[in-house]
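Report on the structure given below.
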Amino acid sequence: MTLVGAPVARLEGLEKVSGQARYAFERLPAGTLYGWPVQASVSRGRIVAIDHDACLALPGVVGLVTHENAPELAAVGDGEMLLMQSPDVAYRGQVVALVLAETLDTAREAAAALRITYRPVDADVEVVLGTDSPRLYAPKKVSLGFPTDVVRGDIEAGLAEAATTVDVTYSTPAVFNNPMEPHATVATFADGRLDIVDSTQSTGMVRNRIAALFSLAPDTVRVTAEHVGGAFGSKGSPRPCTVLAVIGTLATGRPVKVTYTRQMMFSIAGYRNPTISHMRLGADAEGRLTAVAHEAYSHTSTIQEFAEQIAVVTRHMYAAPHLLSTHRVAALDVPTPRNMRAPGECPGAYALESAMDELAIAAGIDPVELRIRNEPGTDPETGSPWSSRNLVDCLRRGADLFGWAGRDPRPAVRRVGRFLVGTGVAASVYPALTFPSGARVTALPGGRYRLGINATDVGTGARTVMVQIAADVLGTDAACVDVHIGDSDLPAASPGSGSSGTSSWGWAVHKACTELRERIAAGASIPRKGLTVEASTAEDVKAMAPRARFAYGAQFVEARVDLDSGEIVVPRMVGVFAAGRILNARTARSQFLGGMVMGLSMALHEAGVLDPGYGDYANHDFATYHIATNADTLDIKAEWLDETDPDVSPLGGKGIGEIGIVGTAAAVANAVWHATGVRVRDLPVQPDALLVAGLPAV
């Protein structure tokens, strides 16, 4: 192969930068109506009256859907999708009505004219998460089906025998995965078929969920998503906007477009729930772990349980004979949390890697060396052999690139002008997942090929990598391969989530193209309509040998803290990753850097501020919810090891979309401690916490 691994530019890059690429909201079928979601203005309660006269009287208003006339929806295991099925309100911001109008402005004005009277009841929108809270319970499973609790050995005995221990608690706030493109859907029902253009990470999942909700045959529903402007997990499963657009088109017989405002993204698009992690670590005199306890607490909603797998990362990372890993959640009157980039691993690794830093300090061992000393030979949870694990090499290479050698371990001793300067490190891990997928490839007369797979490219460059794989296997140029993705009518493929897309889809493309090449080599002719091969990896994935499959990385950070203001800047970051074979050097670097910037943003800026009286997050726009920008990321480098892992897929690559964010927040917080001597355990690390703790005099 010659194209695979090369820094090939995105095939759709010119379309995007020139404005030719069309996203969901930009689709405008003839006769399109605009739908405006009306959101509940109470935290919990019941609708007792709806005055719609002023709303419906506005010129251009075509219809109004409420619980009084909404179609009955079938239960599909997701309470957030059962829109307007009763007068009950579960949280502030829940959709209680849909206005349909000829223009977007008219729909918005009509929604403002709608008068809904509620009977509010007391709501519980926040709870002090801890072992003494009566609201906490143990879910049957946590996200992705992991066991809620895992106990190995005797944690108390392991801590008692330790030469050094730490007992600390870390927290992360609610954070919001706001992609550049808000959620948007255009739905058209005509001639017994439902056509949906959606901003989604999985057109197949949307098709199946919508078909089930509305009791439609799946083959009468088609979902497309040619271009998606970011997702970060928020578009990993259907959201209310898709259901609303379908309700609208079924009610009116006309195409209906529904999109979220930026403010709506903070209530009905999903978010990462607040977390608390109680960490207890013990190590012997050489720094080898004797015990690790990670007790995780988070919240979910009352209408749909979502228990993030926060403590699962701790089960796999380091060798320790005694381990306790538990999850507890509290159901509140809030929107349902959802997956956000590196769900579970991101907040879980922040706690674990921060605690490892504190353990290294207490034991007087270099933080890099402490991690190396606790490298396990096999997966600590299952005992399975690693498919590949080069975390130690990531740590060592990162230390060399960053200039870690000779670091003075003492905090608050290095100054540059008015700044205190410190450095920090953290390790990162993310599962290398592969799911069954299918692909179709057609050889056309004249040496061209047509590739089809129901993958979704959310901006990562997935379509480009699929063409690289196909062209290499077929022995042709990338320009000779036409690719069609993001269409539920194509061979089924796994969702574009969990850093699994390239390994899952790439395997299917590789298999289909290999079979086509072999058929042509055996003398198969290419008829005028083309020679088509369709392949699925379902049986191949089922036959995979038991292995512990993960991607790894190490992030190194320099932090500078202003002695007067406590302002924190990060002038440089280095990340080194072991993620199998890198299939496109250009798009891979973009993913690694993007994840690290997102981790920096998590560490220093992002926090949803809940107003307990209002029952909603007060900072629900980019004016008040701060994220990292170019000015916050000065010198950032990403490198990867020369690694190939055929146990993940024949291509030897692992997912890279999420490994960059895992560990970064901990590395930043660890660097701030080294700079100031102040340990801030509640993200984000803000100047006021440093100033209250007291910085040295200028």
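Just so you know, residue 1 is the first one in the sequence shown, and it goes up from there. Quantities reported herein were computed from a predicted structural model and do not represent experimental measurements.
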Problem - Audit row: T537, F435, side-chain contact (heavy atoms from CB on, under 4.5 Å) steps and yes/no - result: CA-CA 8 Å; T537 63; F435 297 110; over 6 Å; no
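- Without hydrogens or angle criteria, E308 side chain to G344 main chain gives a donor-acceptor distance under 3.5 Å.
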Handout entry: Full working for side-chain contact (heavy atoms from CB on, under 4.5 Å) between D489 and V223
Key = CA-CA 8 Å; D489 280 355; V223 183; over 6 Å; no
Problem - Verdict with supporting geometry, E658 and R341, salt bridge (charged side-chain N to carboxylate O under 4.0 Å, His left out) - result: CA-CA 6 Å; E658 285 154 302; R341 198 175 198 173; over 6 Å; no
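- In this structure, the separation between CD1 on I659 and CD on E345 is 8.5 Å, given to the nearest 0.5 Å.
- We find the CE-OG distance between M205 and S494 to be 9.5 Å, quoted to the nearest 0.5 Å.
- Here the CG atom belonging to N339 is positioned 14.5 Å from the CZ atom belonging to F232, to the nearest 0.5 angstrom.
- Every residue two or more places apart in sequence or in another chain that forms a side chain to side chain donor-acceptor pair (under 3.5 Å) with R239 is listed here: S237.
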Handout entry: side-chain contact (heavy atoms from CB on, under 4.5 Å) between F556 and R572, intermediate numbers included
Key = CA-CA 8 Å; F556 292 78; R572 63 191 183 103; over 6 Å; no
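- Between V570 and L634, the closest side-chain pair of non-hydrogen atoms is not below 4.5 Å.
- E181 and S199 share a side-chain donor-acceptor pair at under 3.5 Å.
- The shortest side-chain heavy-atom distance between D482 and Y449 does not fall under the 4.5 Å cut-off.
- The side-chain hydrogen bond (donor to acceptor under 3.5 Å, both in side chains) with S388 is formed by just one residue from the set K654, R549, R547; it is K654.
- In terms of modelled atom types and a separation under 3.5 Å, the side chain of T587 and the main chain of G461 share no donor-acceptor contact.
- Here the side chain of E606 pairs no donor or acceptor atom with the backbone of I627 at under 3.5 angstrom.
- Using a 4.5 Å heavy-atom threshold, the side chains of T664 and M573 count as touching.
- In the model, D645 has a side-chain atom that pairs as donor or acceptor with a side-chain atom of S387 under 3.5 Å.
- For T275 against P347, the heavy-atom pair with the smallest separation is OG1-CB, 3.8 Å.
- Side-chain contact, T336 with E80: a donor N or O sits under 3.5 Å from an acceptor N or O.
- Interatomic distance, CD1 of I526 versus CZ of R519, reported as 10.5 Å (0.5 Å rounding).
- Within the 4.5 Å cutoff, the side chain of L451 has no heavy atoms near those of the H484 side chain.
- Listed for the T242 side chain is no donor-acceptor partner under 3.5 Å among the backbone atoms of P238.
- For K511, the side chain to side chain donor-acceptor pair (under 3.5 Å) partners two or more places apart in sequence, or in a different chain, are D540.
- You'll find the side chain of M265 reaches within 4.5 Å of the side chain of P179, heavy atoms only.
- Contact detail for V648 and M544: the closest heavy-atom pair is O-CE, 3.5 Å.
- Side chain to side chain, Q555 and S428 meet the donor-acceptor criterion of an N or O pair below 3.5 Å.
- Remark: the backbone N or O of D393 is not paired with any side-chain donor or acceptor of N390 at under 3.5 angstrom.
- Looking only at distances, no side-chain donor or acceptor of N454 sits under 3.5 Å from a matching main-chain atom of A493.
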Practice task
Go through the steps to decide whether D457 and R463 satisfy the test salt bridge (charged side-chain N to carboxylate O under 4.0 Å, His left out), and finish with yes or no.
Solution key: CA-CA 6 Å; D457 190 337; R463 58 162 49 83; 3.7 Å; yes
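- Side-chain atoms of N584 never come within 3.5 Å of backbone atoms of V465 as a donor-acceptor pair (strictly under, hydrogens ignored).
- One N or O on the side chain of D632 and one on the backbone of T629 form a donor-acceptor pair closer than 3.5 Å.
- Remark: the D487 side chain and the T224 side chain contain no N/O donor-acceptor pair separated by less than 3.5 Å.
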Exercise for the section: Assess whether salt bridge (charged side-chain N to carboxylate O under 4.0 Å, His left out) is satisfied between E226 and R27, documenting all intermediate values. Expected result: CA-CA 11 Å; E226 183 180 1; R27 301 293 181 178; 2.9 Å; yes
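- For the side-chain contact (heavy atoms from CB on, under 4.5 Å) with V467, the lone residue among V483, V509, I485 that qualifies is V483.
- Note that CD1 of I636 and CG of L600 are 7.5 Å apart. Values are rounded to the nearest 0.5 Å.
- Residues R397 and E639 meet the side-chain proximity criterion, which asks for heavy atoms closer than 4.5 Å.
- Between the side chains of T200 and K235, not a single donor N or O lies within less than 3.5 Å of an accepting N or O.
- With F25 as the aromatic partner, K257 meets the cation-pi criteria of under 6.0 angstrom to the ring centre and within 45 degrees of the ring axis.
- Ring-plane geometry between F550 and H316 is classed as tilted, the angle between the planes lying from 30 to 60 degrees on a 0 to 90 degree scale.
- In this structure, I210 and L194 have side chains that are in contact, with non-hydrogen atoms separated by less than 4.5 Å.
- For the pair T259 and T185, the minimum side-chain heavy-atom distance is 4.5 Å or more.
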Problem - Full working for side-chain contact (heavy atoms from CB on, under 4.5 Å) between M466 and W505 - result: CA-CA 8 Å; M466 296 305 107; W505 310 329; 3.6 Å; yes
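- Between the side chain of R371 and the backbone N or O of E353 there is at least one donor-acceptor pair closer than 3.5 Å.
- Figure legend: R272 and F176 shown without cation-pi pairing, the cationic atom not lying both under 6.0 angstrom from the six-membered ring centre and within 45 degrees of its axis.
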Handout entry: Pair E375-R389, salt bridge (charged side-chain N to carboxylate O under 4.0 Å, His left out): steps then yes or no
Key = CA-CA 10 Å; E375 175 71 2; R389 176 172 167 125; 2.7 Å; yes
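- At most 12 heavy atoms of other shown residues, nucleotides or ligands fall within 6.0 angstrom of atom CG in N630.
- Put simply, the side chain of Y260 gets close to the backbone of C241: a donor and an acceptor are under 3.5 Å apart.
- A side-chain donor-acceptor contact under 3.5 Å links T532 and T442.
- Ring to ring, Y625 and F266 are close: their centroids are under 6.0 angstrom apart.
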Problem - Derivation of the ring-ring contact (aromatic ring centres under 6.0 Å, His included) call for F577 and F592 - result: CA-CA 8 Å; F577 303 94; F592 289 136; 4.4 Å; yes
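- Looking at S234 and H183, their side chains do bring a donor and an acceptor atom within 3.5 Å of each other.
- Note that CG of L683 and OG1 of T172 are 6.5 Å apart. Values are rounded to the nearest 0.5 Å.
- Of all the heavy atoms in P343 and Y430, the pair that sits closest is CD-OH, 3.8 Å.
- Minimum interatomic distance between V458 and A231 (heavy atoms only, all atoms of both residues): CG1-CB, 4.1 Å.
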